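Encoded as structure tokens, the structure appears first; notes follow it.
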Amino acid sequence: MTLREQLLQEIEQIPEPLLSQVLDFTLFIQHRHSGDSVTLEVAQRESSKAKVQARKSRVKAFQGLFEQTEPVPDDFDEDTAKWEALKEKYDL
């Protein structure tokens with residue numbers, strides 16, 4: 001069995017919610033070895049779309065919530081957003 005066949009066999013056994021992480025990792029490895037930033041941007045957009053599709057809720061009240069949500073911008077900084085929220089909340 002070739003390495004490609006082994007990988008495909010393992011991917012077939014991965015639960016659906018984890019497939020977006022496998023895709024992200026695969027795209028990361030490809031980018032690291034290619035050095036092509038345009039390819040990375042396209043891959044990130046495709047990955048974001050896959051994540052939104054993978055986040056469909058089983059809770060009836062939340063169905064449709066993630067489908068209406070826009071993906072996070074590429075330049076989003078989680079730490080800065082947290083700091084801004086804290087400054088606003090505590091009037092710093």
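What you see is a predicted model; the values in this text were computed from it and never measured.
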Exercise for the section: Identify which one of Leu3, Leu7, Thr2 satisfies the side chain to side chain contact (heavy atoms under 4.5 Å, CB included) criterion when paired with Glu5. Expected result: Thr2
Problem - Cluster check Trp83, Tyr90: I/L/V/M/F/W/Y, side chain < 4.5 angstrom - result: yes
Practice task
Give, for atom CG of Leu86 and atom CG of Asp91, the distance between the pair rounded to the nearest 0.5 Å.
Solution key: 12.5 Å
Completion exercise
Taken to the nearest 0.5 Å, the spacing of Thr80 OG1 from Lys87 NZ works out to 9.0 Å
Handout entry: Residues, nucleotides or ligands: over 12 heavy atoms within 6.0 Å of Gln6 CD
Key = yes
Handout entry: Residues forming a side chain to side chain donor-acceptor pair (under 3.5 Å) with Lys89, sequence neighbours excluded
Key = none
Fill in the blank from the handout: Here the gap from Leu8 atom CG to Gln13 atom CD, rounded to the nearest 0.5 Å, amounts to 11.5 Å
Practice task
Output all residues satisfying side chain to side chain donor-acceptor pair (under 3.5 Å) with Asp75, sequence neighbours left out; order by chain, then residue number.
Solution key: none
Practice task
Quick one: name the residues clustered hydrophobically with Met1, using the 4.5 Å side-chain heavy-atom rule over I, L, V, M, F, W, Y, and just say none if it's on its own.
Solution key: none
Problem - Residue from Leu19, Leu18, Ile14 passing side chain to side chain contact (heavy atoms under 4.5 Å, CB included) with Glu16 - result: Leu19
